[in-house]
Amino acid sequence: MLGFVLQGCAAAPVPREHGAPLAPAESEATWLGQWARLSASPHPGKSGFTLLSSGQDAFSLRVLLSEQVDRRLDIQTYLMGDGLTTRLLLHRLLRAADRGVEVRLLIDDMGAVGQGAQLAALASHPNIQVRVYNAIGIGRDTLIGRVLASVPQATRQHRRMHNKLWIADGALAIVGGRNLGDEYYSASEPRNFTDLDLLVLGPVVEPLSRSFHLYWNHGLAQPIGRYHPAADEAWRDLKASLDDWVEANADSPYFADLRRRYADAEQETLVGRLHWGEGVALWDPPGKPAWRGRPELARTMAGDLLEHAGEPSDRLVIVSAYFVPGERGTQRLQRLAETGIEVEVFTNSLEATDVPVVHGAYQVRRGALLDSGVALYEMRAESEPDNDGFGVGSSASALHIKALAIDDDRVFVGSANADPRSVWWNTEVGVLATSSGLAGELQALVETGKAPALSYRVERDDQGRLTWQTMQQGETVSLVREPGGFWRRLGARLGRIGWLEPWL
């Protein structure tokens, strides 16, 4: 233990400079800044929005932005995996840095486990900076070691920076649920995440950029070189290895499919249709992981969202990978449903979720929600054959979307789930948009996901038992046993322990 402690104390003297957003004139002088200004010119004072539901589209746009950016690319993420998409993105980031682009990557320290040497090599490039959030100096090479090292600081170390944000030249931003990893971009086998991002341009980008800088400059964000030293030219070896890897994998099925997918795309079109309206950027204070105890709701992003979104008058749709409403949230949804508001919740089924213990906390509230008129839909682990899927491109998937639809004009897309962890403990970021066109697009996406070939509808039968309505081999069926194996049921049972609920 003494050796570990000394290792953690022997941090390298890596400088840590304060960062500032690009000035408006600097942003507008870039190619992306000019494109954003021309796109917005017919809509003065409005922000532009488009949903990125396809994993392939979301990945391709990130690659395109890394190639089109002129001045700066800021990336904030909860975790970074190792796979096809991450390696190609790192390759493109190094190419961007080579041509003079300033690249800054901010990653939660838990999500950087096992990636220290690679991130330090990346940061050795003179135009790239990498910082880790809420870091500790020991146990950094394996997840088990990192968790054990966190025990003495458990009250802080269980809290994570869960934000996901891309900002290109201060002109365009991507916010939503996707981290860096193959499963978020429909490139994983055998399962992928069904996820959602929101591309934004216009006035709402400036506060999103400000949020990034608040995190980047906060004391909890430390240079990766303070924990993983690297030679000054380490990036050259990394770039050479990535060059070789890209050449060897250029004809992989995923990349070949992307080339076919976009072969006929218009060269001058950066994105598809943009919806215009008002946008509000929302985020948690960056110091939240270091706060003592549970914060007041008014100090959280969730509290800001409730204040800005207002009460629904007709309809509320919650799409959340992990749905843990708790007692107060359940009562709130019951009250809305009982007053005539159409309330729908779309989350993972037990068989699809990657965290069964969280599903157990939802199971406890499910009956009360149904009895008050709340409609519940649960995404299946596998869709029916010949189904186009829900923005995944794979028959096997799990829901990872975090979104709200309020009436027919308000949409929230961000990194926050509808659970206590996102409200009280983690930090999150998102955008609340007022746009009937965007709301219609999200509603159409939700309707696709609710189809019985993709999801279960949870209801009660004449005897009061829960049933799961779905489709199997083209026939509508009603299941009386919740789909999911033994170990998933056991995990869910743990989640029904009452004192765990506030921490899930």
Side-chain angles (χ1 to χ4, degrees), residues 21-53 57-58 61-62 64-65 68-69 71-76 163-178 196-214 269-284 301 304-310 401-416 428-445:
L22 290 177
E26 294 176 305
S27 176
E28 292 174 3
T30 66
W31 185 89
L32 289 174
Q34 293 173 19
W35 180 86
R37 180 174 55 82
L38 289 173
S39 299
S41 58
H43 312 278
K46 303 293 185 182
S47 294
F49 312 98
T50 191
L51 296 178
L52 303 174
S53 59
D57 288 348
L61 181 59
R62 284 167 167 85
L64 183 59
L65 290 179
Q68 297 291 346
V69 67
R71 293 289 304 271
R72 181 183 293 169
L73 184 60
D74 293 330
I75 302 172
Q76 186 176 14
N163 311 41
K164 294 99 174 173
L165 184 62
W166 281 58
I167 303 173
D169 280 337
L172 282 83
I174 301 174
V175 64
R178 290 186 174 96
L196 186 67
D197 291 321
L198 183 67
L199 174 74
V200 302
L201 58 91
V204 75
V205 177
E206 187 276 329
L208 285 173
S209 180
R210 185 163 14 107
S211 82
F212 174 87
H213 285 85
L214 288 172
T269 302
L270 185 65
V271 295
R273 180 186 178 189
L274 286 166
H275 304 282
W276 297 90
E278 303 293 336
V280 179
L282 302 169
W283 63 88
D284 276 303
M301 188 197 74
D304 286 343
L305 177 58
L306 288 173
E307 178 182 350
H308 284 90
I401 295 174
K402 304 94 166 57
L404 296 175
I406 305 164
D407 296 333
D408 60 356
D409 63 346
R410 283 160 289 166
V411 167
F412 174 80
V413 177
S415 63
E428 310 285 357
V429 65
V431 168
L432 176 66
T434 301
S435 165
S436 57
L438 185 68
E441 185 178 347
L442 178 60
Q443 187 56 47
L445 185 67

Can you name the nearest heavy-atom pair linking [X] to [Y], along with the distance?
X	Y	result
L442	L404	CD2-O, 3.6 Å
V431	A281	CG2-CA, 4.5 Å
L438	A433	CD2-CB, 3.7 Å
K402	A416	CB-O, 3.0 Å
P203	G45	CG-O, 3.9 Å
L274	G48	CD2-C, 4.2 Å

Distance from [X] atom [atom1] to [Y] atom [atom2], nearest 0.5 Å?
X	Y	atom1	atom2	result
E441	L51	CD	CG	4.0 Å
L432	E278	CG	CD	10.5 Å
L282	E428	CG	CD	12.0 Å
L165	S209	CG	OG	8.5 Å
I174	T50	CD1	OG1	11.0 Å
L65	I167	CG	CD1	11.5 Å

Output all residues satisfying side chain to side chain contact (heavy atoms under 4.5 Å, CB included) with A439, sequence neighbours left out; order by chain, then residue number.
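For A439 the side chain to side chain contact (heavy atoms under 4.5 Å, CB included) partners, ignoring immediate neighbours, are V411.
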Got [X] and [Y] here, is their nearest side-chain heavy-atom distance under 4.5 Å?
X	Y	result
D74	H213	yes
T30	L22	no
V413	F49	no
L201	W276	yes
W35	L172	yes

Any side-chain to backbone donor/acceptor pair from [X] onto [Y]? Under 3.5 Å, distance only.
X	Y	value
S27	D169	yes
S415	V429	yes
S211	W283	no
D57	L52	no
R410	A309	yes
D409	S435	no

Let's go through R62 and D197 carefully: what are the C-alpha distance in whole Å and the side-chain angles of both, what is the deciding distance for side chain to side chain contact (heavy atoms under 4.5 Å, CB included) to 0.1 Å, and is it a yes or a no?
CA-CA 11 Å; R62 284 167 167 85; D197 291 321; 2.9 Å; yes
My understanding is that only residues two or more places apart in sequence, or in another chain, count here; which of them pass side-chain hydrogen bond (donor to acceptor under 3.5 Å, both in side chains) with R210?
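Partners of R210 by the side-chain hydrogen bond (donor to acceptor under 3.5 Å, both in side chains) criterion, ordered by chain and then number, come out as E206.
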